[in-house]
Amino acid sequence: MKKSSIFFIIILLLGYFLAPLFVNNAFSFKLSEIFILVLFASSFQFIARTAGMFSLGHAAFYGVGAYASAVLVQKGYSIFFVLLMAGVIAFLLSMIIGYLSLRSTGIYFAMLTLSLAQVVYLVIYRTPALGGQDGIPGILAQPINLFGWELDISRPEKYYYVIFFTVVVSIFILYILTNSSLGHFLRSIRENSVRTSSLGINVKRYQILAFGIAGFFGGVSGALLSPLEGIITPETLSWTQSALPLIIVLIGGINSFWGPIVGAITFEMLYSLTIDSGASNIYLGIILLAIVLLFPDGVIGVGRRFISMLRTSFSKKKGRNMEELKGVGKHGNSAARRSI
Amino acid sequence: MLRIEKLNSYYGTSHVLHNLSIMIKEGQGVALIGRNGAGKSSTMKSIMGLMPRVDGDITFAENPINKEKTHKRVRMGIGYVPEDRRIYKDLTVEENITIAANAIKKVRKPLELNEVWENFPLLKDLRKRKGSELSGGEQQILSIARSVVGRPKLILLDEPTEGIAPIIVQNLKEVIKNMIDQMEVAVLLAEQNIKFTIDLTDYVYVIDNGQIVYSGSSEEFKNREDLHHKFLGVSS
Amino acid sequence: SKETATSKNGSSSSKDNPAKSKESTNGDTIKIGFIGALSGSVGAVGQDMKKGGELAVEMINEKGGINGKKVELVSKDTKGNPKDGIQAVRDLTQQGVKLFTGVVSSGVALAIPPVLEQENAIVMTTAAGADEITGKNFNRHVFRVSDNAYMRNTSAANLFYKKYPNLNNWANFSPDYAYGHASWDAFNNQMKKINPKYKVVKDSWPKFGATDYKNEIASILAAKPDAVFSSLYSADAITMSKQAKPYDFFKQIGLFVLNSNEGDISSALGKDMHPEWSGVHYYAEAYDNALNKEFVERFKQKFGAEPNGYNSETYVSIFAYKQAMEKSNSMDTDTLIKTLEGMKFDSVTGQREFRKEDHQAIKDIVWVKVEPDNSDKGWKVTEIEIVPGAEVMPPLN
Amino acid sequence: MGTLQLEGVYKDYPGVKVLKDVNLTITEGEIHAIIGPNGAGKSTLFGVMNGDLFAQKGTITFEGINMNGKGLDFAARNGVSRCFQVPNVYINLTVKENILIALMSKNKITRNKLSFKTFLAPVNAYEEKIKEVLEEVGLSGTENQLIYELSHGDKKRLELAMAITLEPTLLLLDEPTAGMSPEETSEAVKLIKKIHQTRNLTVVITEHDMSVVFSLAHRITVLDRGEIITTDVPEEIKKHPKVIEIYLGK
Amino acid sequence: MDVLLLPLVNGLTQAAVLFMIAAGLTLIYGVLGVINFAHGSFVMLGSYLTMFFFVGKFDTVLGLFSFIFISSVVITLLGWAVEVLVMRRMYKANEFYMVLATYAILLIIEGCVEKYWGASPLSLPLPDSLNTTISIFGISVPFYSILICIIGIAVMGILWFLMNHTNLGRIIRAAAADKTMTNSLGVNVPALFTVVFVIGIFLAAFAGGLLAPTVALLPNMGVNLVIQAFVVVVVGGLGNIKGALLSAVLVGVLDSFLGFYIPVLTGITSYIVMAVILTIRPQGLLGKVG
Ligand SMILES: Nc1ncnc2c1ncn2[C@@H]1O[C@H](COP(=O)(O)OP(=O)(O)OP(=O)(O)O)[C@@H](O)[C@H]1O
Ligand SMILES: Nc1ncnc2c1ncn2[C@@H]1O[C@H](COP(=O)(O)OP(=O)(O)OP(=O)(O)O)[C@@H](O)[C@H]1O
Ligand SMILES: [Mg+2]
Ligand SMILES: [Mg+2]
């Protein structure tokens, strides 16, 4: 990473850290939700972009993490322990689902994850101990003790910091994993699994591991959700929820590590802007269509194109650069296709 | 019959064919010789309209075709045997051939099935086998048969001998010769195998780095070992 | 062009513009927040509820508002999701709203109390029926102006035992989810208590949102019940009715009780409507008091239709707020909660009272008998029964 | 050691018997060629040899280890590397990244130096090694090229480089010179010879170019319709009447 | 006897509708490579339009079926427009972009229906002459269910003939395997794509029309149907019409039976069936390997 972008990230983090001091509660609640979505989408992107596995059942881990945290928080455990446990439970579940689904590939894999996630959804939906269809209300995080300093995190402005810290750390870990040798193996499997396997790599084991890691962080993101909203319902596991990370990642830009972040912010903004129009689905549909048809590299792709346009308009060799610019767009598209 | 002038082709940003000009007369066998990556396949794809971007003129039977869709070109009488064969793995040998026949049926009368078996006796026994159950050589022959069934005026053959046993290569040679001589089909043959090519064709284009670097009659080229060496790296 | 854009914004309705709204709170407007599903699968219910609220606000403002202040209804769509419900409450409280009405889904009603507490606000739910809202999950910031599952279905048992003492073999036909189970439990328990000959011959639990009920229909018929109790909801009830028709289901059983049909199901089915007893929040012709007359008249005037139970409950809730504010002459949340607790107030369905301990309104339960006929509508109400709320209030725990 | 043994191997696809009673011993250190007409089952035999395909009957052992159907990765970890008929490399990665994956895998197999450095910054950790391997196969200077910029012959070299990175004892090459120009072919032959010598490998190849076969192979097995016709030294094969009839022609 | 027969007939009725939806889905996937999430919204539109044209106008059997047909045609035209305007630009893209594109279309269609007809459930009455039961082996079965089964079988027959005994069918199968090559053999592949998409949409709309008199109409009614149909398609083997038939019957009947005897499994059955079959045969019942 370049020095300038590290600097930029630090400024950004500082801004987010201080945000609750300047904005109202509704806004910091919204920010919290965005953070959770960012982690949810990043965990999805970890397998989608790095390992080329498009799961359509990612909400299962999100939801199971959320339920685990709802139960554990109510039992009085401290939030960080709860997050870890929820992650571990989601990890185990996703290893199982991964083991079953990874017998197939491509769209079969997607449909298998979708259907297994539906099974998880229906099981939770019909478990009276978990509140059935009504879910579990009244989830309030216990105060945490930081070096003798008691922090009441039951209020969202305070709980914000738990979310902030967890998401930043998780994304950092995901970043490292993506660029580690594990990430390289996963990419190589995505590129050509026969070749990877003939290099002596047990392809399936790695895929399951990657699926498990994605499940872990998906679970953590869900676990952050339930104390924030105070209630958890089976809808958290529904298939539309599984489509969410895919939508976010594609809106943001699938090829960029920052895609989920940009995507989550854009998505939440669109959602808030259109919810009271009474036709939010139509707007969302049109916007998605526009992105898919016109901006396959998402908002980040648009930004990059815009920046490179600015650059070229300042440079002298104009005639040639227009040509190049077309190339950038085209190349971008094909890169998007390739990398999936 | 086919005339290519100043053809430039691109894959995205990479410019692979530069000002290429080629001419093929009716019923003539023409060779396109060049080493790996020289641009043989790209030339054929350009003729078929399968390249992402092509500039220049291509006329076939006096009609400009560079704006036509691929299927239109086929219906005008161009057949194509790609280097990777691309037979239908799930369909039987017979079905593979009937599809090709049906596709141009409205335009021209295709060959009857038994005419196909006559020309490609090897396929007759494999008639009911699925494409996936054929070996590489069998697939190659099927692929050629499939393009011939529509009685094209011109066939583009991309490296038909690649990965084929010597004995089948002999067979293949006769099949192609037969096409040119008896069926009066013009053939553009992309090859690296000079021996195989020269006997089948009477004119040769040598392509290197996307440019035509030599053209002349096959007889002449046959004896120009210096050229073989220069453009194809044959040392003998 | 920037300036015109701003001025356009400024002139648009204030609910879109938090800056402007804040200003007006400090002035002389009382804002009441309406939250409910305005789109999505229960969107129609939310739309109906909102109409009642709009009418109430209009009528109050005509007569000079509350304590001399104008009232404004600001609304936000929850789509029936807890998540959006919470966000709606947060957004509206940020605009200075402290009093809420509406709420279609029980999920939202159960989700928002912690936020209400934090923001020191009150909600008066007008349709959510889950018992927990005023029971197990009681929260002092939540009031329910309408009835709940326990009341509705206990009243059913009382009423139909009294009306049809000879129908003893009952079948249950309810959706397999919380509200369905709560409904059946209340009905079943009460029947067991009061009718010694009562027997359940078939207990069917189709999936919520199912599209095929033929297996259940046939097996219920096979059990030959005298009467069928059902808490199928909305689309499910319609689908079931359509699929039951070829079997002559409704002719073969003596009595069909559907615990929640605010006229929506009958209207959708039209000519296909079957005979049934429907449980409703309110029925326009059931009451002959002045308040109701005024409501029906004004509602018809404004919306060109007869009001239903979703319209009425939100309407009533706004007047309840009005009475509490006027009685205490205060806008303070705490004071208002204390005033509302145990408050008696007149409504279109006669007098109601918020029970002090659980904030559940003591109100009548209305049952109407619907039968097919040859009119354009395809059905008509032939009988109305009212069960006083006090008889069926859930026990306090 | 280094010996691959096939005994009574049968392999069917639904409706097609591809290999019939194949008995074959590849002895340590030899270059063994398998030839035969198209569809004889050469590629299938390769698949069976390295555990990619499961033979319904018979045993396949390498250095005493059962290979049958154990998967490509198992074979690779036990010293069997394979190059495919169509060069099989990571087409969207650079040359360097291709080798990098192989090196990381090797590191994983031998479990040496599982350090933080190789986990977190693999590219830097392997820089040196990548250079060495590329030099060995004659691809120096192409580190940062994308695969589609490579010639066909170079792709085959790259695949070979990846295979030898694993330091195998047995190398399976399926038509190593198919699609190559004569120049590339003769270079490929030299390269295979060199690698065979310096690395002390056992090599099995299939090939249709008889000049390649005769200049490389110590022994040749002729396969026809799934059955072994004969296994012998090149001089004998050239004279074998059946082989001439079904394969060599003339 | 009746305890066995009843769920069987019900299951077969479900299977008939599911098959019609799944056949279109699987055909579109097989040739165009598109997972059409919007398929369900065309089913839903089929129901709504039939209701829109039909209600209170021509209360006869002939009236009902003509309007089912007319709505299907109208929707097919819409499908054609969608193919030309949207899908055609998407074929080169990754399949998940297409999932998203069709999801967007679903949102738009659903949103428009909700705007126009409202979110509350609507109903289309069945003509009285169809609203009866007939007795089979002593148990009464709704006549309309039997009718749906018969139509399902007829549709199957037509499709089977189309795919195996017509040129179009062979070419469709060829294009499913290799578009570029099929194009190079002289087939107008883009036009073929349109034809296939439109056939699929017609089947969906037709199924929707048939379904309309038996259920409450809701703007989101297509979503559950399409997910069920996906299960059917995947279990049968993507792109395989015969597989779709087999698995529609399997899923329909199993769901009906298990739901009847073990109510707690209703709605989960099909997913469990799918999970079990795909773990044993990852490519689906009749899917091809790889
Ligand atoms: N899909 C592609 N994208 C980008 N470049 C490509 C693509 N396909 C081929 N090229 C490049 O275009 C050039 C010409 O390739 P082409 O396939 O036409 O050569 P060829 O003569 O047919 O070679 P061969 O003998 O290997 O078949 C080569 O440099 C090749 O790398
Ligand atoms: N997956 C498969 N299913 C059915 N039959 C197959 C399959 N793969 C190969 N075959 C059949 O097995 C036989 C041997 O094929 P194989 O590819 O091993 O031949 P080969 O000797 O490598 O031929 P070539 O020299 O053309 O590459 C062929 O007849 C082929 O049709
Ligand atoms: Mg080529
Ligand atoms: Mg082979």
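Quick note on labels: first sequence line is chain A, next is B, and so on, each numbered from 1.
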Next on the checklist: Determine whether Lys30(A) and Arg90(C) satisfy the following criterion, side-chain contact (heavy atoms from CB on, under 4.5 Å), listing intermediate values before the conclusion.
Outcome noted: CA-CA 9 Å; Lys30(A) 187 105 249 171; Arg90(C) 289 205 180 276; over 6 Å; no
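For CZ of Phe138(C), the number of neighbouring non-hydrogen atoms (other residues, nucleotides, ligands) closer than 6.0 Å is greater than 12. In Tyr283(A), the OH atom is not crowded: 12 or fewer heavy atoms of neighbouring residues, nucleotides or ligands sit closer than 6.0 Å. Residue Phe80(A) qualifies as enclosed at atom CZ: its count of foreign heavy atoms under 6.0 Å is above 12. By the neighbour-count criterion of 12 heavy atoms within 6.0 Å, atom OH of Tyr77(A) is sparsely surrounded, having that number or fewer from other residues, nucleotides or ligands. Within 6.0 Å of atom NZ in Lys302(C), more than 12 heavy atoms from other residues, nucleotides or ligands are found, so the atom counts as buried in its surroundings.
In this structure, chain A has a heavy atom under 4.5 Å from the side chain of Asn137(C), while its backbone stays farther away. Contact annotation for Glu132(C): only side-chain heavy atoms (C-beta onward) come within less than 4.5 Å of a heavy atom of chain A. For Glu119(C), the part lying near chain A is the side chain, with the backbone staying farther off; criterion is any non-hydrogen pair under 4.5 Å. Contacts between Asn139(C) and chain A at a heavy-atom distance below 4.5 Å are absent for every atom of the residue.
Salt bridge annotation for Glu268(A)-Lys83(C): present, with a cationic side-chain nitrogen under 4.0 angstrom from a carboxylate oxygen.
Among pairs with a residue in residues 218-239 of chain A, those fulfilling ring pair (Phe, Tyr, Trp, His ring centres under 6.0 Å) read Trp239(A)-Phe37(E), at least two apart in sequence or across chains.
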N/O donor-acceptor pairs under 3.5 Å from side chains in residues 56-65 of chain A, not counting sequence neighbours:
from     : atom 1 : to       : atom 2 : distance (Å)
His58(A) : NE2    : Ser43(A) : OG     : 2.9

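Taking CD from Glu229(A) and CD1 from Ile112(C), the interatomic distance works out to 13.0 Å, rounded to the nearest 0.5 Å. With values rounded to the nearest 0.5 angstrom, Leu110(C) atom CG is found 12.0 Å from Ile136(A) atom CD1.
There is a side-chain donor-acceptor pair under 3.5 Å between Ser280(A) and Lys79(C).
Contact record, Asp176(C) with Tyr125(A): O-CE2, 4.5 Å, taken as the closest heavy-atom pair.
Within the 4.5 Å cutoff, the side chain of Val115(C) has no heavy atoms near those of the Phe29(A) side chain.
Taking Leu38(C), Thr93(C), Asp84(C), Asp91(C) one by one and counting their heavy-atom pairs under 4.5 Å with chain A, the maximum is reached by Asp84(C).
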